[in-house]
Protein chains: 2
Amino acid sequence: MADKQPANNLAEQVMARLGADIRGGRLAPGTRLPTEQDLTTQFGVSRTVVREAVAALRADGLVVTRRGSGAYVADPAAGPFRIVPPRATSLPDIINVMELRLAVEVQAAALAAERASRKQLAAIRTAWRAIDAALQRGEGAVAEDFAFHRAIAEATGNDQFPRFLAYLGSHVIPRQSVRLEVDTPAERRLYLERIQVEHTRIVMAVTGGDPVEARRAMRDHLTRSLERYRKLAGGKKNGRG
Amino acid sequence: MADKQPANNLAEQVMARLGADIRGGRLAPGTRLPTEQDLTTQFGVSRTVVREAVAALRADGLVVTRRGSGAYVADPAAGPFRIVPPRATSLPDIINVMELRLAVEVQAAALAAERASRKQLAAIRTAWRAIDAALQRGEGAVAEDFAFHRAIAEATGNDQFPRFLAYLGSHVIPRQSVRLEVDTPAERRLYLERIQVEHTRIVMAVTGGDPVEARRAMRDHLTRSLERYRKLAGGKKNGRG
DNA sequence: ATGGTCAAGTTGTCGGACAATTGAGAACGG
DNA sequence: CCGTTCTCAATTGTCCGACAACTTGACCAT
């Protein structure tokens, strides 16, 4: 709740206050919020500012406007899900996001093993071979790794999995390059090859239609990756009781 | 991609086109997009419309504006994650969302078993007893059930879990009441009590610090709930290969 | 060459005006 | 007295012009 980052434009301030009122329940869903003119006097700003603020709220799905009638607050939960404020992405935050990713990917592997179509299995194998090719070219294969995980998510037949993973990945993958810098080339090579071994285990479980083994293989794979991050964090515990 | 729902206001149209250009990569991150004046002539609208559109994009985190300099496209993946367009929430969609919820909650139960503090364990037990009390009052205990699951998510010590679950729940829970209507009171009672038995198993595993059992208990619990939905869907497969 | 100054360009904010649409009360007819 | 239609004020959508705050690059003085 402490995202009080002073915006330099009034529209964001108005949007923040109105949005807080909606999310906080002080403006119940269905309620008609004050007219633009009322808001201008209430906030002491021009109508332009008010209109930009409600335009932003409308983009977030928090309000719907009806011309000639007014602006009404929508379901407060219609707002989008955001992982973190774009800035201030500390290492513990990344670990937390990766734990969420692990949860989703483990289940995705199991579902893929249960219901992947022949075409989807082929896509997984193709992505897996692409990693091999990239490694033999001496590359980091981050893009190929991401494509591999996405292929598994798509093989669940549930569109929510690839969509959510794509969203999570965009918040985690970019920093992955930072981590590789601390390794020596030899370590890096060894690490990447071991990763690919873990990938192989996942592919075999999924293609073999063994959800239990697929789940375990994916969990082991991501848990190891997570442990590396934790070491970088200096063994910091994130418990808060 | 087919969300071409004709907006009645120009600002949303402009926002949609600009947003599509950004997400589609036609406007690379860091690029400075045309000045407001250019956009007015390009789209044939007034500056007010352009400014509202840009304000909406800024609310989505797709662009950042610098006064005196211009508007620049941010990381295209900075956009928020949305489950579904608020409308058209069909039963298969709900099932897909619940599968995502299952994935997260199963891992949450395991993490809670590993790292829940004493206070967090007490909160879980309190929520569990609240369900009992509600059932004895003959109520559906939907709010108490949600609070129970949230208590477990909070016991992970990872703030992303309760936040994401709250987001998911807002998209699933409301329709849960629909389902209960199809049951007779006797069926309903029986169902709720069996649910509570499953809850008990989860509580014991988490308080006992047994992540494997907690995971299994939570998975069984949510899988059964999911199966009920699938029966309502008429045994429809959601594979798409 | 370096640093400061200034002017043009751009976004932020203000105010007014009119169009498009809505909602409710007024007027009317039965 | 009830129902229907009409009118009209209120509200959002759009346009326009103006000025302030700020940035950026060019220009100028040293």
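So that the names make sense, note that chain A is the first sequence line, chain B the second, and so on, each numbered from 1.
As rounded to whole Å, 15 Å separates atom C1' of dT21(C) from atom CG of Leu10(B). Rounded to whole Å, atom C1' of dG17(D) lies 15 Å from atom CD of Glu36(B). Atom CD of Glu52(B) is separated from atom P of dT11(C) by 16 Å (rounded to the nearest Å). Between Leu39(A) atom CG and dA10(D) atom P the separation is 17 Å, expressed in whole Å.
Of the residues listed (Glu99(B), Glu227(B), Arg101(B)), the one engaging Leu222(B) in a side-chain contact (heavy atoms from CB on, under 4.5 Å) is Arg101(B), and it is the only one.
Note on Arg66(B): a side-chain N or O is less than 4.0 Å away from OP1 or OP2 of dT24(D). Listed pair Ser46(B) / dC15(D) meets the phosphate criterion, a side-chain N or O lying under 4.0 Å from OP1 or OP2. OP1 or OP2 of dA19(C) has not a single side-chain nitrogen or oxygen of Arg67(A) nearer than 4.0 Å. OP1 and OP2 of dT22(C) both lie 4.0 Å or more from every side-chain N or O belonging to Ser69(A). Put simply, Arg58(B) has a side-chain N or O that comes within less than 4.0 Å of OP1 or OP2 on dG12(C). Regarding contacts with the backbone of dG13(D), a side-chain N or O of Arg51(A) is found under 4.0 angstrom from either OP1 or OP2. A sub-4.0 Å separation between OP1 or OP2 of dG13(D) and a side-chain N or O of Thr48(B) is absent.
The closest donor-acceptor contact from the side chain of Asn158(B) to the backbone of Gln160(B) lies under 3.5 Å. Panel note: side chain Thr40(B), backbone Gln37(B); a donor-acceptor pair is recorded below 3.5 Å.
Heavy-atom nearest nucleotides on DNA chain C were determined for Gln37(B) and for Tyr72(A), and the one closer to the 5' end corresponds to Gln37(B).
The ring pair (Phe, Tyr, Trp, His ring centres under 6.0 Å) test applied to Phe161(B) returns no partner, not counting sequence neighbours.
On a pure distance criterion of 3.5 Å, a polar donor-acceptor pair joins the side chain of Arg47(B) and the base of dT13(C).
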